[in-house]
Protein chains: 2
Amino acid sequence: MAASINELEEAMTVSQTTRWVYLFDEGDPLRRDLLGGKGSGVAAMSQAGIPVPPGFTITTEACNAYNDADHQFPPGMWEQALEALAGVERRTGKGFGDPENPLLVSVRSGARFSMPGMMDTVLNLGLNSSTLQGLSRLTGDPRFAWDSYRRFIHMFGRIVLGLENSPFEHAFENAKVRAGAHHDTDLDAQTLMEVAGEFKAIVQKATGQPFPEEPLEQLRHAIAAVFDSWMGKRAVDYRNFEKIPHDLGTAVNVQAMVFGNLGQDSGTGVAFTRNPSTGDKTLFGEFLLNAQGEDVVAGVRTPLPLTELARVMPTAYAQFADIAARLERTYRDVQDMEFTVERGTLWMLQTRSAKRTARAAVNTAVAMAQEGVISREEAVQRVDPDQVVQLLLPRFDPQDLEAAQKAGRLLGQGIAASPGAAVGRVYFDPDVAERQAKAGELVILARPETSPDDVHGLIAAQGVLTSRGGATSHAAVVARGMGRPAVVGAEDIHIDPEAGQMRANGRVISAGDWLSLDGGTGKVYLGQVTAIPPRFSEEGDLRELLSWADEFRRLGVLANADTPQDAQQAREFGAEGIGLCRTEHMFFQLDRLPIVRQMILNAGAARDGDATARAKYQEALDRLLSMQRTDFIGVLRAMAGFPVIIRLIDPPLHEFLPSYDELLVSVTRMEAQGASGADMQEQRALLQRVAQLREANPMLGLRGCRLSILYPEITEMQVRAILEAAVALAREGVTSYPKIMIPLISHVNELARVRATLEPVARAVLQEAGVDIAYRFGTMIETPRAALQAGRIAELAEFFSFGTNDLTQMTFGFSRDDAEAKFLDTYVSEGILPDNPFQVLDQDGVGQLLRLGTQQGRATRPDLDVGVCGEHGGEPNSIAFCHEIGLDYVSCSPFRVPVARLAAAQAALAHAAAERDH
Amino acid sequence: MAASINELEEAMTVSQTTRWVYLFDEGDPLRRDLLGGKGSGVAAMSQAGIPVPPGFTITTEACNAYNDADHQFPPGMWEQALEALAGVERRTGKGFGDPENPLLVSVRSGARFSMPGMMDTVLNLGLNSSTLQGLSRLTGDPRFAWDSYRRFIHMFGRIVLGLENSPFEHAFENAKVRAGAHHDTDLDAQTLMEVAGEFKAIVQKATGQPFPEEPLEQLRHAIAAVFDSWMGKRAVDYRNFEKIPHDLGTAVNVQAMVFGNLGQDSGTGVAFTRNPSTGDKTLFGEFLLNAQGEDVVAGVRTPLPLTELARVMPTAYAQFADIAARLERTYRDVQDMEFTVERGTLWMLQTRSAKRTARAAVNTAVAMAQEGVISREEAVQRVDPDQVVQLLLPRFDPQDLEAAQKAGRLLGQGIAASPGAAVGRVYFDPDVAERQAKAGELVILARPETSPDDVHGLIAAQGVLTSRGGATSHAAVVARGMGRPAVVGAEDIHIDPEAGQMRANGRVISAGDWLSLDGGTGKVYLGQVTAIPPRFSEEGDLRELLSWADEFRRLGVLANADTPQDAQQAREFGAEGIGLCRTEHMFFQLDRLPIVRQMILNAGAARDGDATARAKYQEALDRLLSMQRTDFIGVLRAMAGFPVIIRLIDPPLHEFLPSYDELLVSVTRMEAQGASGADMQEQRALLQRVAQLREANPMLGLRGCRLSILYPEITEMQVRAILEAAVALAREGVTSYPKIMIPLISHVNELARVRATLEPVARAVLQEAGVDIAYRFGTMIETPRAALQAGRIAELAEFFSFGTNDLTQMTFGFSRDDAEAKFLDTYVSEGILPDNPFQVLDQDGVGQLLRLGTQQGRATRPDLDVGVCGEHGGEPNSIAFCHEIGLDYVSCSPFRVPVARLAAAQAALAHAAAERDH
């Protein structure tokens, strides 16, 4: 009992002291937490003397108190609301429920963040059978009054009372039929009155209660409905998904109605202080004469450009332009504003920061910094790094894309494996694709899945489409490596190379038909969709913004690049070196594959001492040596003066061999057809060798440094090629910094063994040449054990690069290929995982290993260079984490280098701000 | 310069104060570190008044100083050795190099641990052309003297000077031919003198130096050779392998020679204080009259049992028996002794703890504790847990095995995948195997590899042999689960089911031929090798020892068991519950496989809403429900009163389906032969469905809790079956403690989701029945992420079981199947990894995750029950680690339960001892 008395006293104390309601001209605009976004905006405008229809905000705290108290307004709140309402009456000179001069209000939710699932606006609240008479008289427009009333009943019924929409619509359509009306506007006041009556009957029937006539009862209901909607399922789901706390609550804004639909001297519109599409510094927007906000949304009439407003209402326009400029100055950002002109008088209804395109975001940020409105630090923080990608890739013209979609040309969707827009004629055979490309055609290669045998077709193609495989399938990896757009695993598209066609969305597409692939969305279109090419050199504002970002960031930004072309592009995008050069990608080239196969097929027998095999093995190694030397000269030259981290051969060897399944089918078929002879023997032998190299789980099999340990000659050849390339460049006066990276270490002894094998090779090359090259040996940290044992591993590694792709696979126990195709989508869509951990670094698990590995590695070797070279290296949240744990650099695809530069700067600025606040 | 002077002074100080050499009657026998094992043994005996030929020990410190100083004896060492030699001269009344009464010595290495690769014994050192005359006179046997001399030159040349053996043997054989001698003993003194001369010439030719005549020079050489051998390649490799530190050094023992070959009143022998094979408490050994130690080793004459010594030399025997008893009392352990009788006088040459069989180890430990010689704690610590396995499995009779090997019946060797001895007639077709077994034959199933289709053959067989696959291949897993011996991946054995034969070691083996498989060594023999069955119930001493172990251990010992039979056996072996019951193993049974397949093949379509598929899916689930209920009743009944941890379905579904490759071949073949019709359609559809379920890396794919999330009906059925089984037993008055284990969690949300699905099912069953069962939900910690996030996961898990098999795979990035076949052997044999981490828990990496997971889990839930259920749960080193980090229990195969009980006790005792020392 004592406790309850205490609680009661506490509640009474709170009620005596808590301020639940603020008039717009009273609330502190900085208390966005208390007033919500909308409330804070109108408070700011009101207090700046900008004409805003009077109103008040009920705080987010009131919402929380209401929900905590089992749907009861907190003590005192209603009284404060009534007092504020009286204030609004005083400011407008109208009376709430006054039949003579009725005050009508809108009621809107307004949380701290804009949030779907929350209660919509209710307009014209306060109308009833008597106040509508006053409205009719005041406006001289009975039809307007009745139309407002029937809209209000409908809106209130649907939104506040939560009734079904269809009975209202049904009744309204019946009325139109009865009246022989085509459009809503054809209905007269009489009919609208009848409709209002029917609507009230609908409410009565559905709720068992009459429609509330009393304006205060309407208001009470509407406020409660806003509060209730905060804990509604949609809102809760959304917050769970977006990880927004549930205890923020929503504010309620009650505001005097103004009417833009009172004649040709009235109107309503929305506008931006700058063009949200281009960033141009001109007031941009549209308006409708004699209309209310909902008419703009309904799209019944075509709005006019804002420039027209200057013509038809020059005074209101001038006032608006002035206010817009003030708002942008005040908020120091582009504003998105709603306004209404009621019989020549301008009223501002809302202002908020404007959503904008990537281009506008970049251009306005740079322009505002140059104008001195914001600092360069702020400019850098204004642009979402992910948006920047839009400016760096060829992309489809959005209008043409929409047209294609409307025309039913969307064939299907797969995994967006490599971004960009590709248009070309589709071919299902890599040889044909290559031939047609050489003949000058734009070509798309479509295959059920790809293998190394298809690479020449892939090189020749604008883009690649497969119906099987995930984001790390052969097609995906090779396409990303070459910067080709790719859509993979499009399971609804049936690709039949033997029949020379594919089937999708009820259509049959033949070889030579045009196809457009969107590697950013995974969508596939029939025909040609217009693509817009990027030109980084012409992106002056972006380059400026990134140069500022470079001043603020601490993280280095390197690129993952395997060819001189990629390296060159990476440099242009501002990469400060190569963080991952995958040597095996060079092996996939068509002219090399036979030599690589010769090497692989003889490696085992050579190891077992077979002299013939040893000779063939050595011959292949010798040929590859000179090819790799040329590769490395190209890459190191393109990155002259910058570090180039070259990873030694990593994938399981069978990836370079023909597909086991295809061989099995071919041998079985030959056998069934009674074939024999040398060809048959050869195929069978090849099948056997490929079978021997097959693995149950190749991801966890004979790859990485394990290859170096079993077949040291291959990596010895690679190290020799690297150092010989560096020597050749040095003789030309070109400085290179090759860093040799040994992959997939799990025990320090592996590194010891491999380094002991390779270091003498490197030294020998330099000694032979009499040249000194500042090469380094380091390792990838990509098994959990390597991270756990980083202290020991750092004894022998001069740098660390976290391979977060593999590390994520092993830490979760997710095979990326299998997981993305089979269950990861479900995991993310059902909220089991917050994100796909292959896209956004899992900070709790994988991140913990990164943190531990970095700390322990540096404890052993304080100057250890540590970075990330997984795909996370180009993802902003992951980059922020890399900054936080003190990594030295991130490395990502060339086209994500600008993203990373920006994200790294933002991370540094956010970190510094957090430190200051601390 | 200052530094060198300091170093010199330091060296001089050391030389003044360091004692490098101890006479046997001076050294402290407890300083095994300083004197080595041999030196400590002879010191102990000398000081106990036991007759030992006088001698001295040069310390291990001298060896280290010698190796540190670039092969120079440390200052003072040689002088001390000469002084000690003088002491030996005094004690023997002989003179080293004295032609009249020559002292001859043996020189032997003696490290702390017995170690191969170290220098062998050199006997008769001190002989030269003049001392041999003295020896000849003193023994009255010139032939003996010359024979000793030529042996000495040979031994010295080979062992000390490191010369090739063959020139000596060649010269000796020539001499025999010249003399027309059949045996060595046929040669007379004259010929042996000539041989000695030739041997000296061989030394001169090979070294460019004459054979050292000067005894002190011989001694100096021999000591240096012992020291050098410490850093010899073989010794270093061995220490690396056994993880013995390199800075222990070896001692050198220089001992006066005594001669057992001076007539019928002389002899030499080896003996044990108890029978090392059975443990019987009787002096056991053998001796040779008129012989030296090396004659025993050479095996030229057959030794006599020790009992004969009592007959021929009763005094010496009585003295020996008395000494043996004293030594056993002193060392409190069974001793392995060497002795020589020289003209009636007994001399002890060495004593050390005896190596013994498992049976002897157990029996002597128990007997000595019962005799009061050692405590029960010591008895428990005396037996190597791994040895215990030998007593619990059928095993081949060692003599018969040797005979088979000698007869060339060894066919090959594979991976020892499941221990035990199996003998039967081999069949290559599971149907035939089953039929023959039903007809009463003992059967071995041999297949290239096995699939679920072969399980009935496996059940019928005594053992299984495959030519492909690793220790976790289907055959291996199923065989281990059923306790059948298995040899898998025997690549040299070509099994051709179609031809109905196999080829190995140049032989063709046909169906019906006898085969013997040793699942403990992986060896496969043609014909029948006699197997000895185990009888735990008759192993009284072992049961006694284990009951003592149970008093000392803290860790619980549970068993991995999937059937009532296994559970019963586990109980007999002392398991206190089941730590891992794999429900899917029940699915592999032949009568269930079609139903399981019906479930799997319809699960996807059912999920997508296909009504027919849903009905088939549900029908399969319903049928499996009643089967699983019966399974669980059996297992829970066998473990009445003990906890039973039941793991829900874990493996990828395609493991239950026919092999993709076989289907592909069969469909291709049918196509090539122009087949069509319903059968063809069906096969093709099946192929497609199996293809859909195929995964790139099934280990990291759709399995474990991921199946529960996609197909909740399967695990709901399992949970219902478990609880219904418990209810049925409760109604019979049988108490059960089912603990439901959710596998492969990597994020706490997975556990939340699965538990939210399953908990209501469990509650519903109990509510329907009105019975209360103390069931629990817990999880396996088998992904690195689960260990890293154990604190969160423990919020929803009532127990943890570390699945160290999978955890090892993911922490290292090793697929067990691929790694063991392709590179892990190389890793272990070349010392890159200290052990196969799938056999011995990797404490640095995987162990760190176990420690972290346990700490964090208990931080959230202090009473969290934590154990290990990977194969490491039965491995002694891993068990010790589990004890150290505070786990609650280990779980292992039934037949390893006794091993675990013993190992857990040893861990607890060792831990307690370490605490006391601290």
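Chain A is the first sequence line, chain B the second, and so forth, proteins listed ahead of strands; every chain is numbered from 1. Worth knowing before you read on, the calculation uses all heavy atoms, side chains too, and leaves out hydrogens, waters and symmetry mates. Keep in mind the model is a prediction, meaning the values are calculated, not measured.
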Is [X] close to chain A through its backbone or its side chain, or both, or neither, when contacts mean heavy atoms under 4.5 Å?
X: B:Arg753; answer: side chain
X: B:Arg792; answer: neither
X: B:Thr811; answer: both
X: B:Leu664; answer: side chain
X: B:Ala696; answer: both
X: B:Ile832; answer: both
X: B:Asp842; answer: side chain
X: B:Gln848; answer: side chain

Please classify the contact between [X] and chain B as side chain, backbone, both or neither, with a heavy-atom cut-off of under 4.5 Å.
X: A:Leu693; result: backbone
X: A:Leu710; result: side chain
X: A:Gln789; result: side chain
X: A:Arg703; result: neither

Based on non-hydrogen pairs under 4.5 Å, which of [options] is most in contact with chain B?
options: A:Glu782, A:Glu750, A:Glu671; value: A:Glu750
options: A:Gly845, A:Ala672, A:Gly813; value: A:Gly813
options: A:Leu702, A:Leu744, A:Val667; value: A:Leu702

Taking every heavy-atom pair that is under 4.5 Å apart, which of B:Asp844, B:Asn749, B:Asp818 has the most such pairs with chain A?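 Top option by heavy-atom pairs under 4.5 Å: B:Asp818.
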Which one, B:Lys822, B:Gln673, B:Arg706, B:Glu830, leads in non-hydrogen pairs under 4.5 Å with chain A?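 Counting heavy-atom pairs under 4.5 Å, the top option is B:Arg706.
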Could you tell me whether the side chain of B:Asp806 reaches within less than 4.5 Å of the side chain of B:Thr783, counting heavy atoms only?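 A side-chain contact under 4.5 Å is absent here.
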Short side-chain to backbone donor-acceptor contact, A:Asn697 and A:Met699, under 3.5 Å: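 No: the side chain of A:Asn697 does not pair with the backbone of A:Met699.
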Does B:His494 use its side chain to pair, donor to acceptor, with the backbone of B:Ser467 at less than 3.5 Å?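 Checked: no pair found.
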